[in-house]
S.K.: 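Quick one: the structure is below, questions incoming.
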Amino acid sequence: MMAAWDNIEDIAWAGLPIPIRRYEGAIATKAPPIVLYLRGSAFQDDGRPQMERPIGRVLSEAGAVVVEADYGSASSNLFPQAMECAFMALKSLSGRRKQFGSARSPLFIAGDEAGGNVAAGAALKARDQLPGELSGQILLSPMIDPMMATQSFRRADEIGMREKWSDGWSRYLRSACGFQHPYAAPCLCSRLFGVAPALVVTSDDDPLHDEVVGYAERLAASGVSVRQKVFPESCGWTGIYKGDSGKWMASLRAEFSGFVEGLQA
């Protein structure tokens, strides 16, 4: 059954409710991981999509309680509003763990593409304002470099994303004071120490490959625990930009499970 959107008291930002939907999956433990999931949309989707996202489904099938937040409707996909909206959803979930899982459930934030940017920014803010509350961040081809000048980005035309990403960055940053704010472009952040452990995923044919790998390397160099996965071209990973499923799903499920288990060891 398709997960429905709902408004829950106290999950709000600037007086506006943040619509959420919960992906039901196989809950294998008494304290399942709770994952706040932020979908990708190149900072351009203001509407509330009805179709479930394959990434939300994969994480729920791995035993997590996945709560997708519609951060775009309330924030118009602008910085800092989008990141603040996501952070407030994260903060609310932190105080409502018993409602969604257990008081002992570890809390994660996850996002793909533009949602990965917002997730990374919210993780940085969580380090600064919610110390110890966030167990990990799951960054799935996060769109984090507004310069769009890496060698791998040249492939963006091959999948029809260059113009969309360019327009998305222009929209996201138009109300910001440049793109140097670390919460807006986490790849430019000079202080990554202490941020939550990260699972970082990309693929060999991903136009965002270089900026994603570069961010993972900078996290690791700052002492952050990083688990990195680079899918081969044959997995169809870049289909996530259009909401497609693929061979990558079983592998991502295993990567997420291994990431969570490693943190609990």
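These numbers come from a predicted model, not from an experiment. Side chains are part of it too, since the values below use all heavy atoms of this structure and drop only hydrogens, waters and symmetry mates.
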S.K.: Look at the side chain of Glu113 and the backbone N and O of Arg39, then say whether any donor-acceptor pair between them is shorter than 3.5 Å.
M.R.: no
S.K.: Is it true that a side-chain atom of Asp112 and a backbone atom of Gly40 form a donor plus acceptor pair closer than 3.5 Å?
M.R.: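 Yes; at least one donor-acceptor contact below 3.5 Å.
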S.K.: May I have all residue pairs that pass ring pair (Phe, Tyr, Trp, His ring centres under 6.0 Å) and include part of residues 223-248, sequence neighbours excluded?
M.R.: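 Ring pair (Phe, Tyr, Trp, His ring centres under 6.0 Å) check on residues 223-248 returns Trp165-Tyr241, Phe231-Trp237, Trp237-Trp248.
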S.K.: Does a sphere of radius 6.0 Å around CD in Gln129 hold more than 12 heavy atoms from other residues, nucleotides or ligands, not counting ones at 6.0 Å or beyond?
M.R.: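 Counting other residues, nucleotides and ligands, CD of Gln129 exceeds 12 neighbours.
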S.K.: I need the single residue from Leu36, Ile20, Asn77 that forms a side chain to side chain contact (heavy atoms under 4.5 Å, CB included) with Tyr71. Which is it?
M.R.: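 Of Leu36, Ile20, Asn77, side chain to side chain contact (heavy atoms under 4.5 Å, CB included) with Tyr71 is met by Asn77 alone.
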S.K.: If we ignore angles and hydrogens, is there a donor and acceptor under 3.5 Å between the side chains of Glu52 and Tyr23?
M.R.: no
S.K.: Main chain of Ala149, side chain of Arg154: is a donor-acceptor contact present, judged purely on distance under 3.5 Å?
M.R.: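 Side chain of Arg154 to backbone of Ala149, a donor-acceptor pair under 3.5 Å: no, none is there.
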S.K.: Examine distances only and state if a side-chain atom of Ser170 and a backbone atom of Ser166 form a donor-acceptor pair shorter than 3.5 Å.
M.R.: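 Yes: the side chain of Ser170 pairs with the backbone of Ser166.
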S.K.: Got a sec, which pairs hit side-chain hydrogen bond (donor to acceptor under 3.5 Å, both in side chains) with one end in residues 99-109, sequence neighbours left out?
M.R.: Arg96-Gln99
S.K.: Does a salt bridge link Asp244 with Arg53, judged by any charged N lying under 4.0 Å from a carboxylate O?
M.R.: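 No, Asp244 and Arg53 are not salt-bridged.
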S.K.: Closer than 4.0 angstrom, basic N to acidic O: yes or no for Glu133 and Arg97?
M.R.: yes
S.K.: Mind checking ring-ring contact (aromatic ring centres under 6.0 Å, His included) for Phe100 and listing every partner two or more places apart, or none if nothing turns up?
M.R.: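 By the ring-ring contact (aromatic ring centres under 6.0 Å, His included) rule, Phe100 matches no residue at all.
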S.K.: Can you confirm whether Lys125 is buried at NZ, in the sense that more than 12 heavy atoms of other residues, nucleotides or ligands lie under 6.0 Å from that atom?
M.R.: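 More than 12 heavy atoms, drawn from other residues, nucleotides or ligands, come within 6.0 Å of this atom.
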S.K.: Return yes if a side-chain donor-acceptor contact under 3.5 Å exists between Ser141 and Asp206, otherwise no.
M.R.: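 Indeed, the side chains of Ser141 and Asp206 share at least one donor-acceptor pair under 3.5 Å.
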S.K.: With a 3.5 Å cut-off and no angle check, do the side chains of Asp70 and Ser73 form a donor-acceptor pair?
M.R.: yes
